[in-house]
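Reading through the structure tokens given below for one structure.
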Amino acid sequence: MPELPEVETAKNGIEPYLKGFIIERIVVRQPKLRWQVSEKLSEISQQKVTALSRRAKYLIIHIEQGYIIGHLGMSGSVRIVPHDSPVDKHDHVDIVMNNGKLLRYNDPRRFGAWLWTDNLAQFPLFAKLGPEPLSDEFNGAYLFEKSRKKTTALKTFIMDNNIAVGVGNIYANESLFLCGLHPLKIANTLTLTQCELLVDTIKQVLSTAIAQGGTTLKDFLQPDGRPGYFAQELLVYGRKAQPCLKCGYPIESLVIGQRNSFCCPHCQIR
DNA sequence: CAGAGCTCCTGAATGC
DNA sequence: TGCATTCAGGAGCTCT
């Protein structure tokens, strides 16, 4: 499932094939994704891609008139393929470029989205998003302040997009394990020092993953079609009943906010 | 307002 | 072997 590092990797991977080139047309085979695909996309023709960017896990393709906004959901991927590449099952959207290539979006579970706006600043989905996790705005003091009135589980808190974007389930589990904080710890019991440690850990985990090109999980393909990889083994995620890599105690799994969670009850303090 | 639960969807895993 | 059931999961939305 694409997390922030995967989206960043995808953005960087597709950029050389899009930026500076002209979109000839956009083919929508399946408009029923998480939301109906913007009808505007089918009308786009002969527009240059001026830039690519990312906000949270949204991919933003800047074109001469407006912005195409994509989200990979949990099973989506984008690849660059030749114009004559045969269409596979779940290939829902093609952005056809004038360089012989096209950006092909495939998404078995259709949790993704492809939208259009002419005003990024007022794009409703971006209105309430918290800071980017790798920005300076996301720091210990910020997290401490935000946590003061929060009685939710720490794991739910750091995955809340209003607090900070892009901390998905896997990286939330990994970050909490690394800094020794229990996922069920109540958010407002964090000390400033713990907030600083947690922020530093999240930044480190995400930037390491970005540097390595994303996590290998069954659904993700990099833009050129090769599987992604995550050289650094996951330390707790998916390791139920296996020995904790720090102390050997069996890793526990629990459900927090409808999300599968993993922790070492011995190393991670409430 | 905060927090809990619901929802979209399909492939993989599990159950008999 | 095969069919039926269960479950995961991002994140906005609805309800309490």
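The chains referred to below are lettered A, B, ... by the order of the sequence lines, with proteins before strands, and numbering in each begins at 1.
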Pair D107(A)-Y105(A), side-chain donor/acceptor within less than 3.5 Å: yes
Protein-nucleotide distance (R110(A), atom CZ; dG11(B), atom P), rounded to Å: 10 Å
Touch class at under 4.0 angstrom, heavy-atom based, for T151(A) against every strand present: sugar-phosphate
Sugar-phosphate, base or nothing in reach of K128(A), heavy atoms under 4.0 Å: nothing
Integer-rounded Å distance: dA2(B) P and I186(A) CD1: 16 Å
Rounded distance in Å - OH (Y105(A)) to P (dC9(B)): 13 Å
Check: S207(A)/K203(A) side-chain N/O donor and acceptor closer than 3.5 Å: no
Sugar-phosphate, base or nothing in reach of D107(A), heavy atoms under 4.0 Å: nothing
Basic-acidic side-chain contact under 4.0 Å: R54(A), E8(A): yes
Degree of bending in the helix from dA2(B)-dT16(C) to dC16(B)-dG2(C) once both end axes are built from five pairs, to 10°: 50°
Face-on cation placement of K246(A) at F177(A) ring, 6.0 Å and 45° thresholds: yes
Q36(A) CD to dC8(B) C1', straight-line distance once rounded to whole Å: 13 Å
Short side-chain N/O contact to dC9(B) OP1/OP2 from K32(A), under 4.0 Å: no
Between N169(A) and K155(A), a side-chain donor and acceptor under 3.5 Å: yes
Close N/O contacts between protein and nucleotides 12-16 of chain C (under 3.5 Å):
unit_1: dG12(C); atom_1: OP1; unit_2: Y58(A); atom_2: OH; d: 3.0
unit_1: dG12(C); atom_1: O4'; unit_2: R34(A); atom_2: NH2; d: 2.9

Side chain of H71(A) (C-beta onward), nearest among dG9(C), dC6(B), dG10(C): dG10(C)
CD (Q46(A)) with more than 12 external heavy atoms under 6.0 Å: yes
Value in whole Å for how far the C1' atom of dA11(C) lies from CD1 of I163(A): 14 Å
Charged N-O contact under 4.0 Å between D94(A) and R29(A): yes
Closest listed nucleotide, where the reference is the side chain of Q258(A) and the choices are dG5(B), dG11(B), dG3(B): dG5(B)
Side chain of F111(A) (C-beta onward), nearest among dA4(B), dG9(C), dT10(B): dG9(C)
Spacing of L154(A) atom CG relative to dA2(B) atom P, expressed in whole Å: 17 Å
Side-chain (E3(A)) to main-chain (V167(A)) donor-acceptor, under 3.5 angstrom: no
Phosphate contact (dG9(C) OP1 or OP2) by Y237(A) side-chain N/O below 4.0 Å: yes
Distance below 4.0 Å between H90(A) side-chain N/O and dC9(B) OP1 or OP2: no
Between dA8(C) (C1') and N173(A) (CG): distance, integer Å: 14 Å
Remaining members of hydrophobic cluster (4.5 Å side-chain criterion), F123(A): W35(A), Y58(A), I60(A), Y67(A), I69(A), L115(A), L120(A), L125(A), F126(A), L129(A), V165(A)
R34(A) vs H71(A) side-chain heavy atoms within contact, under 4.5 Å: no
Spacing of D160(A) atom CG relative to dA11(C) atom P, expressed in whole Å: 11 Å
Out of dT10(B), dG9(C), dA11(C), whichever nucleotide has its closest atom nearest the side chain of K57(A): dA11(C)
